[in-house]
Amino acid sequence: MKKRVCITALLFLNLYVALGQTDYTPSKENLENRAWFQDAKFGLFIHWGVYSTLGDGEWVMNTQKIKTDRYELLPDFFNPQQFDAEAWVKLAKAAGMKYITITTKHHDGFAMYDSKVSDYNIVDDTPYGKDIFRMLEEACKKEGIKLFAYYSQLDWHHPDYYPRGKTGQDLGRPESGNWQDYITYQNAQIKELAENYDIAGFWFDGYWDQNDLKKAGKPYQDFDLEATYKIIHGVNSGLLIGNNHHLAPIAGEDFQMFEKDLPGKNTAGFSEGSQIGNLPLETCETINHSWGFNLQDGNHKSFNELIQYLVKAAGNNANFLLNVGPMPNGKIQQEHQDLLLQMGSWLQENGESIYDTRGGMFQGTDYVSTEKDQTTYLHVLNSDLNTLSIPFAKKRVKTLSWFDDGKPVKYKLKKNILTIYLDEAHRDAVDTIIKLTLK
Ligand code: FHN
C-alpha cells in the first residue's frame, strides 16, 4: 500500500463533526440553486478513470477480482493525451446540456483530481500528471456549464474501508482496518473538493454497499451522512447534495436521483426503497449498457429512445442525466458524440417545451406533459395514434395549437374527456408536441 494520509486535516475534521445537528434547513442560495437545477433539465454524466484502460467497465476491479497491488499498476499507464476538456464541455453544451457530473472518485478509490489527502490520484500517480477535474472546471466556467462531483463512498482500495460491505471482497487488502479512519479520510477528500473547486454540488454513490447489509439484518458500517453533509454545507450552503443510496431522501440532501428508472418506477431494480420525496428529481441512464468505457458494448440507445427518455423524465418532473464512458485516450467515442449532437439539434427546436418546465398534470401510456407559466406542453410519444383521449374533468380549453407551426388543433370535449385529433401532417416520429392553455 503506497498511500499517505495527512493527519492535521483529520484532527480538524473530528472537531467539525462533533458540532453536528439532525435536521436541515436549506439556505436561500441553496433553494435558488435547486430552482436552477430543476430548470436545467439535462446533464452529462461521465464515468472516467484508470479502469477505462481495461475497456471492461468501471467495476472491472471487482468483477475480475484484480488484487489491489495489481490494480495499482493501472495509473502508471493512464495517459489520455487526446483529452480536451473544452471539447467535452462544448459537446455537452451543443447537446443542450446545462451541467456535467463526473467521477472524481469511483469505487476503485482512484482520485481523478489533485487530492492533497492521498497521492493515489491522477496528478501524483500517472504519467499524464494533470488535474482533469480542474481543466473541466475552467472549461465549464468559460462555457457557462455547471460542474458536479460524483464521489463514491464505497472504496475497494482504502485499507480502512473495513469491515467490507457487500462488494470489494478478496481484493488483497489485509482483513483489518479502522472504519472511522476511512470516514475521516473520505470527509477530508470531500471537503477539499468543496473548498478547492468551483462546483455546483455532489453526486454520492456506494452507500448501498453497507446499507444493503443493514437491510439484510447483517452487521454493517454507518457512513454518518449527516456529518458529511454538514461539512459540505459548512463550506458552502449553496452546494447541492444528492446521494444515490436508493432510499427516500435523508436530511441534508438537496436533490434525489433515480438510477435507470423514472421517479417512482423500479424496472431496473435500484429504486425499491426510494419513495419520491419533495426534492428536485433526476434520472440517470447509460447511453449504451455501460457507465465506464466498455470496448465490447455496442448497445447504443437510439436517438428516439434518448429523446423520449428526456421528455418522460421532464414529464415526471425530473432531470435527465445521460452518461458516457470516455475512452482511455481521453476521447468520447464517435457514436456517442453523434447522438448527443442530434439531441442538441432537437432541443434547439423543441427546448421551449423542456427547459424551465415542471412535470405537467396530464400523463398516460403514450403521452406526458410539461408546464411553464400558463402553458402546458403535451408530448405525444406514440406516432401511430390518430387521436389522443385525455381525462379532462372540470377543465376547459382556452387554446390548443401545434407546437411546430402554432396552427390550431382540432379536438372535442365530451363527458370530461378531451379527444385530440392527431392529423398526420403534424405527427412526429419521436414527440408530437401540442401547446394547451386552459380557461
Ligand atoms: O456501482 C455504481 C455504478 O458503477 C455506477 O456508478 C452507477 C451510476 O448510477 N451507480 C452504481 C450502481 O448503483
Side-chain angles (χ1 to χ4, degrees), residues 42-66 71 74 99-112 133 148-158 161 164-169 171 186 201-215 223 225 240-250 253 255-263 265-274 281-294 297 299 301 306 309 313 318-326 336:
F42 192 26
L44 180 65
F45 207 178
I46 301 176
H47 279 70
W48 196 42
V50 292
Y51 43 78
S52 306
T53 54
L54 298 179
D56 188 20
E58 75 290 354
W59 269 59
V60 64
M61 185 178 181
N62 194 69
T63 45
Q64 293 186 16
K65 286 292 168 213
I66 304 174
Y71 195 89
L74 287 182
Y99 61 99
I100 292 175
T101 302
I102 183 167
T103 48
T104 60
K105 189 195 91 165
H106 202 264
H107 309 335
D108 67 348
F110 188 80
M112 292 293 283
F133 194 55
F148 284 77
Y150 167 109
Y151 185 92
S152 171
Q153 298 189 276
L154 162 59
D155 194 312
W156 293 326
H157 179 267
H158 199 286
Y161 188 97
R164 315 279 179 248
K166 69 173 187 178
T167 69
Q169 317 287 348
L171 294 178
Q186 172 210 257
F202 286 89
W203 206 102
F204 288 113
D205 204 358
Y207 180 87
W208 33 264
D209 182 61
Q210 293 284 345
N211 194 59
D212 287 1
L213 295 182
K214 177 182 176 186
K215 283 200 274 186
F223 281 101
L225 294 179
L240 299 180
I241 297 174
N243 196 319
N244 189 37
H245 43 45
H246 306 150
L247 303 170
I250 291 172
E253 291 166 5
F255 67 99
Q256 181 182 14
M257 64 282 271
F258 290 80
E259 178 166 344
K260 293 180 107 28
D261 255 312
L262 293 170
K265 302 274 188 311
N266 189 25
T267 60
F270 294 105
S271 308
E272 190 199 309
S274 47
L281 303 173
E282 184 189 64
T283 279
C284 65
E285 185 55 88
T286 51
I287 201 166
N288 51 10
H289 287 182
S290 310
W291 298 103
F293 173 61
N294 187 324
D297 183 349
N299 307 291
K301 291 178 177 63
L306 293 170
Y309 213 135
N319 290 10
F320 186 44
L321 185 67
L322 179 58
N323 183 80
V324 294
H336 298 164

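Starting from 1, each residue takes its place in the sequence as its number. Order of listing sets the numbers, starting from 1, for every ligand and every atom in it. The basis for the numbers below is simple: all heavy atoms, side chains too, and nothing from hydrogens, waters or symmetry mates.
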Which protein heavy atom lies closest to atom 13 (O) of ligand 1, and at what distance to 0.1 Å? Glu259 OE1, 2.7 Å

Nearest heavy-atom contact between Asn243 and Gln153 is ND2-OE1, 3.2 Å

Under 4.0 Å between a side-chain nitrogen and a carboxylate oxygen: does that hold for Asp209 and Arg164? no

If you scan protein heavy atoms around atom 4 (O) of ligand 1, the nearest is Glu58 OE2, 2.6 Å

Just jot down the ligand 1 atoms closer than 4.0 angstrom to any heavy atom of Tyr150, in number order. 6 (O)

Is there a side-chain contact between Leu54 and Leu74 (heavy atoms, below 4.5 Å)? yes

Which of the atoms in ligand 1, numbered in the order shown and given with their element, are less than 4.0 Å from a heavy-atom of Asn244? 9 (O), 10 (N), 13 (O)

Would you call Glu285 and Asp261 a side-chain contact if the rule is heavy atoms closer than 4.5 Å? no

What protein heavy atom lies closest to atom 6 (O) of ligand 1? Include the residue and the distance to one decimal. His47 NE2, 2.7 Å

What's the shortest distance from atom 2 (C) of ligand 1 to any protein heavy atom, and which residue and atom give it? His107 NE2, 3.3 Å

Contact summary for Phe223 and Tyr207, nearest pair of heavy atoms: CD1-CD1, 3.5 Å

Derivation and outcome, side chain to side chain donor-acceptor pair (under 3.5 Å), residues Asp108 and Tyr71: CA-CA 9 Å; Asp108 67 348; Tyr71 195 89; 2.7 Å; yes

Nearest non-hydrogen contact to atom 8 (C) of ligand 1 from the set Trp291, Phe258, Trp59, Trp208 belongs to Trp291

Identify, by atom number and element, the atoms of ligand 1 in contact range of Cys284, meaning under 4.0 Å from any of its heavy atoms. 9 (O)

Whether Trp203 lies under 4.0 Å from ligand 1, heavy atom: yes

With a 4.0 Å cut-off on heavy atoms, does His246 reach ligand 1? yes

Determine whether Tyr151 and His106 satisfy the following criterion, side chain to side chain donor-acceptor pair (under 3.5 Å), listing intermediate values before the conclusion. CA-CA 6 Å; Tyr151 185 92; His106 202 264; over 6 Å; no

Under 3.5 Å, is there a donor on one side chain and an acceptor on the other for Thr286 and Lys301? yes

Under a 4.0 angstrom heavy-atom cut-off, which atoms of ligand 1 come close to Asp205? 2 (C), 5 (C), 6 (O), 7 (C), 8 (C), 10 (N), 11 (C)

Within less than 4.0 angstrom of ligand 1, does Lys260 place any heavy atom? no

